[in-house]
There are 2 protein chains.
Amino acid sequence: MNKLSSSKPTTINDVARAAGVSRQTVTRALNNMPDVSAVTRERVIAAASALNYRPNRAAQGLVRGSKPTIGLVVSDLRNPYYPELASELTRKAGLRGWSVVLCDLGDDPDDAHRRLETVAQRVDAMVGHVAAGEWKGALANTPTVVLDGPSDSAKHAVIAIDYEPGIRAAIDHLKSAGCSRIAMVDAGRAPSIRRQIYRRLLNEYGLQWSPDSELVAPDTHDGGVRAAARLCKQNPQTDAVLAFNDVMAVGMLKGFARADVNVPSDIAVVGIDGLDIGTLVTPELTSIAIDKAKLADIAIELVDALLDGVTPPDERLHRTATHTLAVRESA
Amino acid sequence: MNKLSSSKPTTINDVARAAGVSRQTVTRALNNMPDVSAVTRERVIAAASALNYRPNRAAQGLVRGSKPTIGLVVSDLRNPYYPELASELTRKAGLRGWSVVLCDLGDDPDDAHRRLETVAQRVDAMVGHVAAGEWKGALANTPTVVLDGPSDSAKHAVIAIDYEPGIRAAIDHLKSAGCSRIAMVDAGRAPSIRRQIYRRLLNEYGLQWSPDSELVAPDTHDGGVRAAARLCKQNPQTDAVLAFNDVMAVGMLKGFARADVNVPSDIAVVGIDGLDIGTLVTPELTSIAIDKAKLADIAIELVDALLDGVTPPDERLHRTATHTLAVRESA
DNA sequence: CTGAAAGCGCTTACAG
DNA sequence: CTGAAAGCGCTTACAG
């Protein structure tokens, strides 16, 4: 017969009783500590396994002290940006013996808030891209590193992202490839920072711009597919386009393929993020890439500082990252 | 001045002392419990925030009891299969208030073992694809759900995957599309289960087969690119190919594009897994898809059973999942 | 080699 | 409304 769910879990005392020893002897036997006779050790191990004993982690953690656990907040793990970041972060965290628990927000805002709260209570610190509102409630009392977010650095650590150098490199590259009519597809009606920089640089470089140079679409693959189609109609003389991110850019590649528009000879395409998926497609995507390994490093450092008692606002909790242009085939 | 890292973290007693109350009053004030006067509550909150107090989670967990944490083991989070699974698993786990910690094994086997051990000690159960050897040491005492692994169901719960129905559906589809020379690219020298089924079905259907019908390549995107090139030389009359998985299949799509071989008119391509990336590429990938949401559901159920005290071997801990053919553009 | 004592930091009854 | 007591399940000294 199996133990039923109603029964309390077995504790070290149960094992001690079953093996006929004290509970500190059980501790020694089960944790491979010295000072237990071989026979006693065996007897204890047998009893533990017979009772299906598993030490209570909370109790162990309380007395042994435990390494930090950090919560990684992502808006949607299916957006390939996040796995890359998560991979780096768990790797770097693992080097210090830290754990990472995942908090995938999903689409439903209420749900997202609930998840955020649940995770926030179980970790020592949070890291991630999060909407401004969320920081108020759920994360008010949790040390937090905001990635590229609304930088209320009075309340939490911030890794700001400076898009200027990356976008400048991309436009330099496009110019020297002979492009002169560069469009941009943004992800929202209100001009993003990325779009503002795009405008500023086009102006600085004396490149042609008109309201028609800008499109808006959802920042999804499908949004990109449709934006490409729209761009072909609306502004056929465009010879290059900067997408809000790589996911959209890859969608545009597909959109152009469907419209029989050749990339890069008819139109050059540049994404932002530098994701691995950019190398999966044909042609491979040129992208304004960010170094996720470095981002992860900085995030860990900031968590470390936060856990050490450095409290915002503090200039040590404010860092900035920039991009690098990864030239591949699409531009 | 900030607190230095050498100082012990503040406890509830420190807050109590600072606020001039007992520690149970601190508990009540900080946890929004009734029976505290407004002024006391304010005073406590102020003291806590001044001292940068964060409750010790282990202590809280010990006394309150905590929801399970499950460790998700993946060989490489950058393989897009895993984010999809992880996304579903965290979603389903979140519904029960459970947390998921990530264990990304990486390339170095020693390192992988270390990570596995670290995570195993911090969670209540593990879920994932793991090599046979790992179960011996690191996970010997951790309740575990093995996904599509070496099914030593004497020691842990298992979700077996039966590839037969999916591969059969794919071959049916290819046959009815007029394909008759179906190749397969496997991921290792020794024939995988997938390849064995492929052989058996080709034989059952009276379809042409020769040793040349089979290629072997690393199960990576690049492996797929090269396998496509090789297939073009080695076996140009092939009219369809089954790839070991979607990552390879997407690589083959790129390889064929480079060789100016048209998919699907020159050759049909079918992958296995049903990943989202299959819809990003052009043409979109037809794939033998598995329902990750369902996989996640089953995994959670099995963890639940394990935590309830159901001990392997037990037929309730052994489940099987199958695929479904997702017909898109490549076949 | 083994056990009795003390304590980790919190919360949950139980008195006042 | 507030505090003294007891206890969650473990481990870490300290005696024997």
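Lettering of chains follows the sequences in order, A, B, ..., and the numbering in each one begins at 1. Quantities reported herein were computed from a predicted structural model and do not represent experimental measurements.
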Nearest of [options] to any side-chain atom of [X]?
X	options	result
I12(A)	dC8(D), dC10(D), dT12(C)	dC10(D)
R64(A)	dG9(D), dT11(D), dC10(C)	dT11(D)
Q60(A)	dT11(D), dC10(C), dT11(C)	dT11(D)
Y53(A)	dT11(C), dC10(D), dT2(D)	dC10(D)
D35(A)	dC1(C), dT11(D), dT11(C)	dC1(C)

Ion pair [X]/[Y], N-O distance below 4.0 Å:
X	Y	value
E88(A)	K292(A)	no
D276(A)	R78(B)	yes
R57(A)	D124(B)	yes
D111(A)	R115(A)	yes
K294(A)	D297(A)	no

(message) Can you see whether D104(B) engages S87(A) through a side-chain donor-acceptor pair at a distance of less than 3.5 angstrom?
(response) yes

(request) Report the secondary structure of DNA chain D in dot-bracket form, marking unpaired bases with a dot and bases paired to a different strand with |, and treating Watson-Crick or G-U pairs with both distances under 3.5 Å as paired. (result) |||.||||||||.|||

Output the rounded distance in Å from [atom1] ([X]) to [atom2] ([N]).
X	N	atom1	atom2	result
E42(A)	dT2(C)	CD	P	13 Å
R57(A)	dT11(D)	CZ	P	14 Å
Q121(A)	dT11(C)	CD	P	11 Å
L62(A)	dG7(C)	CG	C1'	9 Å
L30(A)	dC10(D)	CG	P	10 Å

(message) Over all strands shown, is S37(B) touching base, sugar-phosphate only, or nothing at heavy-atom distances under 4.0 angstrom?
(response) sugar-phosphate

(message) Over all strands shown, is N56(A) touching base, sugar-phosphate only, or nothing at heavy-atom distances under 4.0 angstrom?
(response) sugar-phosphate

(request) Nearest-nucleotide wise, let me know which of V39(A) and R28(B) is further upstream toward the 5' end of DNA chain C. (result) V39(A)

Taking only the side-chain nitrogens and oxygens of [X], find out if one of them lies under 4.0 Å from OP1 or OP2 of [N].
X	N	value
N13(A)	dG9(D)	no
Q24(A)	dT2(C)	no
T40(B)	dC1(D)	no
T11(A)	dG9(D)	no
T25(A)	dG3(C)	yes

(request) Determine yes or no for a side-chain-to-main-chain donor-acceptor pair under 3.5 angstrom, with T311(B) supplying the side chain and G309(B) the backbone. (result) yes

(request) With rounding to the nearest 0.5 Å, note down the distance linking CD1 in I12(A) to OG in S22(A). (result) 8.5 Å

(message) For the CZ atom of R43(B) and the OG1 atom of T25(B), what is their distance to the nearest 0.5 Å?
(response) 9.5 Å

(message) Among residues 14-23 of chain A, which ones have heavy-atom contacts with DNA chain C below 4.0 Å?
(response) V21(A), S22(A), R23(A)

(message) For a 4.5 angstrom cut-off between non-hydrogen side-chain atoms, does L105(B) reach D76(B)?
(response) no

(message) Go nucleotide by nucleotide along DNA chain D from the 5' end; which of R43(B) and A58(A) gets its closest nucleotide reached first?
(response) R43(B)

